[in-house]
Amino acid sequence: METVVITGANRGIGLELTKLYLQAGKHVVAGCRQPAKAEALRRLGGKLDVVQLDVASADDVAALAGHVQGEAVDVLINNAGVWGGERQGLLDTDYAEWLRTFEINTLAPLRVTAALLPNLKRGKRPRIVTISSQMGAFASTGMGGGMYAYRSSKAAVSKVMQTLAEELAPDGIIAVPVHPGWVQTDMGGPNAQLPVHDSASGLLRLIENLRPEQSGRFWRWDGTEHPW
């Protein structure tokens, strides 16, 4: 049975991915900041471990590594992320919040990956997938100004994944950033184009079919490649 680790698994895309992987018969280790309040997550059946995980906490990440110590991890999905707050304009940026956004969106995926690297090396076909965004792609223009914290954190984490892909290639580990689409979640809002189930289903298909030659490239939820 494959083991899938998903961060930010209590709602939105993370919750839906957890549900789909459990339905596929996988063992899912689902991380969230407040497991006691994650009622929808805890109600899911199947082989599910819900663990406390604030991805910005070194102690929580170490505890996650301890939870899966000695086990293989086949898929790591770095899904946890934040929007970056309302003050992201040229003249009203909250710089403290910008640093927090980088800590969660950019640094945490590398921190979690490093902690689980021994487990990933035990996997038969290990894959690291990080939820990025087209808003961080240099090729995406015409979106107006603002959103500096969110956009820069996603551009940076995409580069982190590209670098990881090169470093981990000798170990046979695939690493990719993915754009999940504009999804109807708490972050995406009710006017978003894509139902969460459609995004998560597409992401699952993409993840399950990733090949080594696709590592380090930027992908959309529907399996098409996104320009950097």
Side-chain angles (χ1 to χ4, degrees), residues 6-8 12-14 16-17 55 75-90 93 95 97-113 127-169 173-189 191-196 198-207 209-228:
I6 302 175
T7 69
I13 295 171
E16 191 66 20
L17 281 168
V55 294
V75 181
L76 167 60
I77 302 176
N78 292 302
N79 168 71
V82 294
W83 183 238
E86 296 302 319
R87 293 175 55 197
Q88 297 189 54
L90 173 61
T93 287
Y95 289 95
E97 185 64 22
W98 193 342
L99 286 171
R100 177 176 175 272
T101 302
F102 255 81
E103 184 176 28
I104 295 170
N105 289 0
T106 308
L107 277 63
L110 185 64
R111 185 196 297 271
V112 175
T113 296
R127 287 143 284 163
I128 303 164
V129 176
T130 294
I131 303 299
S132 184
S133 172
Q134 68 176 6
M135 291 184 72
F138 286 91
S140 295
T141 58
M143 293 185 178
M147 304 313 301
Y148 288 100
Y150 183 78
R151 289 175 174 178
S152 61
S153 71
K154 292 302 187 180
V157 82
S158 291
K159 188 63 180 181
V160 168
M161 288 299 109
Q162 185 188 57
T163 306
L164 264 179
E166 294 185 7
E167 185 166 354
L168 298 180
I173 299 175
I174 295 170
V176 296
V178 297
H179 169 57
W182 183 21
V183 187
Q184 295 165 8
T185 61
D186 290 346
M187 186 181 293
N191 297 321
Q193 300 170 335
L194 196 61
V196 65
D198 292 359
S199 173
S201 297
L203 288 169
L204 187 145
R205 285 192 297 271
L206 170 66
I207 295 166
N209 290 297
L210 281 173
R211 303 181 304 277
E213 60 267 26
Q214 294 175 293
S215 191
R217 292 153 63 185
F218 188 17
W219 301 95
R220 297 184 182 93
W221 67 276
D222 60 2
T224 59
E225 189 164 3
H226 197 298
W228 288 96

If the condition is side chain to side chain contact (heavy atoms under 4.5 Å, CB included), which residues does E213 pass it with, not counting sequence neighbours? R211

Those residues at least two apart in sequence (or on a different chain) that pass side chain to side chain donor-acceptor pair (under 3.5 Å) with D222 are T224

Would you please name every residue forming a side chain to side chain donor-acceptor pair (under 3.5 Å) with T130, sequence neighbours left out? N78

Could you verify whether a donor N or O on one side chain and an acceptor N or O on the other, from S158 and S132, lie under 3.5 Å apart? yes

Can you name the side chain to side chain contact (heavy atoms under 4.5 Å, CB included) partners of R111, sequence neighbours left out? A58, V61

Set of side chain to side chain contact (heavy atoms under 4.5 Å, CB included) partners for R151, sequence neighbours left out: M135, M143, M147

Residue list, side chain to side chain donor-acceptor pair (under 3.5 Å) with R217, at least two apart or on another chain: E225

Salt bridge (charged side-chain N to carboxylate O under 4.0 Å, His left out) partners of residues 100-109, not counting sequence neighbours, each pair once: E97-R100

Does the side chain of N79 reach to within under 4.5 Å of the side chain of I13, using non-hydrogen atoms? yes

Applying ring pair (Phe, Tyr, Trp, His ring centres under 6.0 Å), can you list everything that pairs with Y148, at least two apart in sequence or on another chain? none

Assign the ring pair W83 / Y150 to parallel, tilted or perpendicular, where the plane angle (0 to 90°) is split at 30° and 60°. tilted

Set of side chain to side chain donor-acceptor pair (under 3.5 Å) partners for T163, sequence neighbours left out: none

Residues passing the side chain to side chain contact (heavy atoms under 4.5 Å, CB included) test with A155, sequence neighbours excluded, are none

Measure up the F102 and W98 rings against each other and bin them: parallel (under 30°), tilted (30 to 60°), perpendicular (over 60°). tilted

Please name all residues satisfying salt bridge (Lys or Arg N to Asp or Glu O under 4.0 Å) with R205, sequence neighbours left out, ordered by chain then number. none

Sort out for me which residue in I77, V178, D198 forms a side chain to side chain contact (heavy atoms under 4.5 Å, CB included) with L203. V178

Nearest heavy-atom neighbours spanning P109 and V157: CG-CG2, 3.8 Å

